[in-house]
S.K.: 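For reference, the structure I am asking about is given below.
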Amino acid sequence: MTRLAGVDLAVVYDSRGEATVEATVLLSTGAQGRAAAPSGRSAGSHEVRAFPEGGAEVAVRIFRDRLRPKLLGLDASLATVDQALVDADGRPDLANVGGNTATAISVATAIALAEEAHRPLWRQLARPGVDGTVFPTIVGNCLNGGRHAIGGPDIQEYLAIARDPRPERSIRAALRVHALVGAALHRRAPHAALGRGDEGGWVAAIGNVDAFEVLRAACEQAREELEIDVRPGVDFAANELLKDGRYRYREQSLDAAGQVRFVAELVDRFGLSFVEDPLAEEAFDDFADLTKAVGGKALVVGDDVYATDARRVRHGLERRSTNAVLIKVNQAGTLSRTLETVDLCRSNGLATVTSHRSGEVPDAWLAHVALATGAWGLKCGVLGGERVAKLNELLRLGRATFGA
Ligand code: PGA
Ligand code: ZN
């Protein structure tokens with residue numbers, strides 16, 4: 001039986017320059033895996049805690065003192081290691097060892113197991129019926145606002161939704177939209193500085209609705225030039241907008257019914273095909289109202305409302321809250337928990353979108369998670385080395401299917 005012969009954890013930095021953790025796993029056969037965990041900024045309250053009190057340095061100390069002795073010598077299966085991580089913590093939110101510690105060790109274990117089996121990570125994790133030939137739609141961040149930008153719109157993310165069987169085409173289309181959005185913002189204000197936000201999208205002083213117009217025009221132009229299906233999308237991160245029961249924008253404040261109406265109007269007016277977190281994390285019924293209104297023409301995607309938690313997704317299924325679920329491994333804390341949520345979605349016809357975090361690491365494993373889970377989409381930004389790492393990996397996987 002293959003055993004866990006060595007495991008270590010160390011501090012590394014994410015794309016915001018904040019400390020996170022990276023795990024190294026050694027199996028008794030000599031196979032190794034290494035993975036780092038990202039961190040969110042507009043994190044939902046139902047996610048596992050990324051770090052114990054005190055942050056990444058404390059996480060490493062706790063790992064070395066208390067967690068490592070419980071892991072060494074274990075049967076090296078993903079299920080065994082993930083269960084040991086959860087048991088060692090003792091709390092569902094993993095606040096004792098930290099969700100990022102668990103995520104990094106879980107993913108590093110899967111990478112080591114894939115290496116031992118001489119197969120790519122996606123095949124190691126592949127869900128029933130997934131053969132690795134169906135590639136995800138690219139959900140690319142073109143304009144940043146909210147907590148991912150300083151001086152941008154209130155809405156967090158203006159997205160290009162690029163759909164094509166071949167990843168090199170969908171990635172090219174998302175990158176083209178990003179470039180066209182930048183050029184349009186520069187034309188609107190030629191003397192203003194133009195920066196980029198946490199996820200590599202542009203940051204400009206532009207109104208919430210005007211930004212949709214810029215995005216729509218860029219998608220239309222890219223669609224015509226490249227003949228690739230690329231449409232506008234959005235992540236409201238509405239939890240961050242909600243204060244004292246109202247969704248508050250610079251220009252207006254709306255109650256829940258008003259927010260549902262506003263979002264439905266934007267879907268119609270700008271042809272949005274993807275609407276993430278248009279409502280706050282407890283608003284299962286308001287989500288259902290919106291899905292009823294626009295679910296036939298757009299994906300309504302739940303991020304903070306589900307936090308990649310199978311129990312919360314079950315609740316959403318009962319209420320028909322959304323038709324899609326965002327999947328973030330470190331919201332759940334382990335790959336096993338993540339795959340349980342994915343399997344629940346797959347068997348109930350909910351689309352999944354595998355997602356990065358705003359504070360990312362330059363690892364590429366996320367592309368494999370998307371392919372392995374038959375994800376409808378991969379949301380990983382389009383610019384910045386830590387985002388491009390995932391897209392380039394998807395290109396490599398695409399070449400294995402479609403040739404050079
Ligand atoms: P976060 O944001 O990584 O800062 O939580 C990403 C998102 O809301 O999708
Ligand atoms: Zn989100």
Side-chain angles (χ1 to χ4, degrees), residues 14-18 20 36-51 99-100 103 136-150 152-161 196-201 203 233-242 247 259 263 272 274-283 287 290 298-309 312-313 316 321-322 324-333 338 341 351-361 363 366 369-370 375-384 386-387 390:
D14 72 16
S15 56
R16 268 192 291 255
E18 289 171 7
T20 182
S39 297
R41 175 153 288 165
S42 67
S45 57
H46 300 285
E47 305 187 15
V48 298
R49 300 291 118 218
F51 300 107
N100 273 23
T103 296
T137 295
I138 298 301
V139 178
N141 198 335
C142 294
L143 207 157
N144 291 183
R147 296 193 65 190
H148 293 170
I150 298 171
D154 306 309
I155 294 173
Q156 185 175 281
E157 301 171 24
Y158 293 80
L159 305 162
I161 314 300
R196 296 216 324 250
D198 285 3
E199 293 186 346
V203 177
V234 62
D235 180 0
F236 281 87
N239 233 27
E240 306 291 334
L241 300 170
L242 189 74
Y247 295 93
Q259 173 76 354
V263 174
L272 306 180
F274 181 105
V275 182
E276 180 179 331
D277 275 5
L279 294 146
E281 64 186 359
E282 308 301 344
F287 263 104
L290 182 70
L299 273 194
V300 178
V301 188
D303 173 9
D304 292 343
V305 65
Y306 297 132
T308 316
D309 177 355
R312 293 185 69 83
V313 171
S321 294
T322 69
V325 176
L326 207 76
I327 300 290
K328 291 168 166 168
V329 180
N330 81 324
Q331 278 183 334
T338 304
T341 304
T352 64
V353 180
T354 308
S355 173
H356 64 167
R357 302 307 304 253
S358 52
E360 257 301 331
V361 288
D363 290 15
L366 198 73
V369 174
W376 179 92
L378 172 61
K379 185 188 187 207
C380 68
V382 279
L383 248 58
E386 72 283 2
R387 323 280 155 192
K390 283 104 175 134

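For ligands, and for the atoms within them, numbers begin at 1 and follow the listed sequence.
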S.K.: Whether Arg312 and Glu282 form a salt bridge (side-chain N of Lys/Arg under 4.0 Å from carboxylate O of Asp/Glu) is what I want to check.
M.R.: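 Yes, this pair counts.
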S.K.: In this structure, which one of Thr137, Asn141, Asp235 forms a side chain to side chain donor-acceptor pair (under 3.5 Å) with Lys379?
M.R.: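 In the set Thr137, Asn141, Asp235, the residue that makes a side chain to side chain donor-acceptor pair (under 3.5 Å) with Lys379 is Asp235.
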S.K.: Name all residues meeting the side chain to side chain donor-acceptor pair (under 3.5 Å) criterion together with Asp277; count only those two or more places apart in sequence or in a different chain, and write none if there are none.
M.R.: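 So Asp277 forms no side chain to side chain donor-acceptor pair (under 3.5 Å) with any residue.
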S.K.: From the options Gln156, Arg147, Glu157, Glu240, select the one residue that forms a side chain to side chain donor-acceptor pair (under 3.5 Å) with Ser42.
M.R.: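 It is Gln156, the one option of Gln156, Arg147, Glu157, Glu240 that forms the side chain to side chain donor-acceptor pair (under 3.5 Å) with Ser42.
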S.K.: Taking non-hydrogen atoms within less than 4.0 Å of ligand 1, which protein residues qualify?
M.R.: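 For ligand 1, the residues that come within the 4.0 Å heavy-atom cutoff are Gly40, Arg41, Ser42, Ala43, His148, Gln156, Glu157, Glu199, Asp235, Glu276, Asp303, Lys328, Arg357, Ser358, Lys379.
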S.K.: Using the test salt bridge (Lys or Arg N to Asp or Glu O under 4.0 Å), find all partners of Arg357 that sit at least two apart in sequence or belong to another chain.
M.R.: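 In terms of salt bridge (Lys or Arg N to Asp or Glu O under 4.0 Å), with neighbours along the sequence ignored, Arg357 is linked to Glu47.
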S.K.: Of Asp309, Thr338, Thr341, Asp303, which meets side chain to side chain donor-acceptor pair (under 3.5 Å) against Gln331?
M.R.: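 When Asp309, Thr338, Thr341, Asp303 are each tested with Gln331, the side chain to side chain donor-acceptor pair (under 3.5 Å) holds only for Asp303.
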S.K.: Quick check: closest heavy atoms across Ala370 and Leu378, and the distance to 0.1 Å?
M.R.: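 For Ala370 versus Leu378, the nearest heavy atoms are CB-CD1, 4.0 Å.
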S.K.: If waters are left out, how many protein N/O/S atoms lie within less than 2.8 Å of the Zn ion (ligand 2)?
M.R.: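 With waters ignored, the protein N/O/S count below 2.8 Å is 3.
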S.K.: Quick one: closest heavy-atom pair of Val203 and Gly197, and the distance?
M.R.: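 Smallest heavy-atom distance, with atoms named: CG2-N, 3.3 Å.
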S.K.: Kindly give the heavy-atom pair with the smallest separation between Ser39 and Asp14, and that separation in Å.
M.R.: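 Scanning both residues, the minimum pair turns out to be CB-OD2, 4.0 Å.
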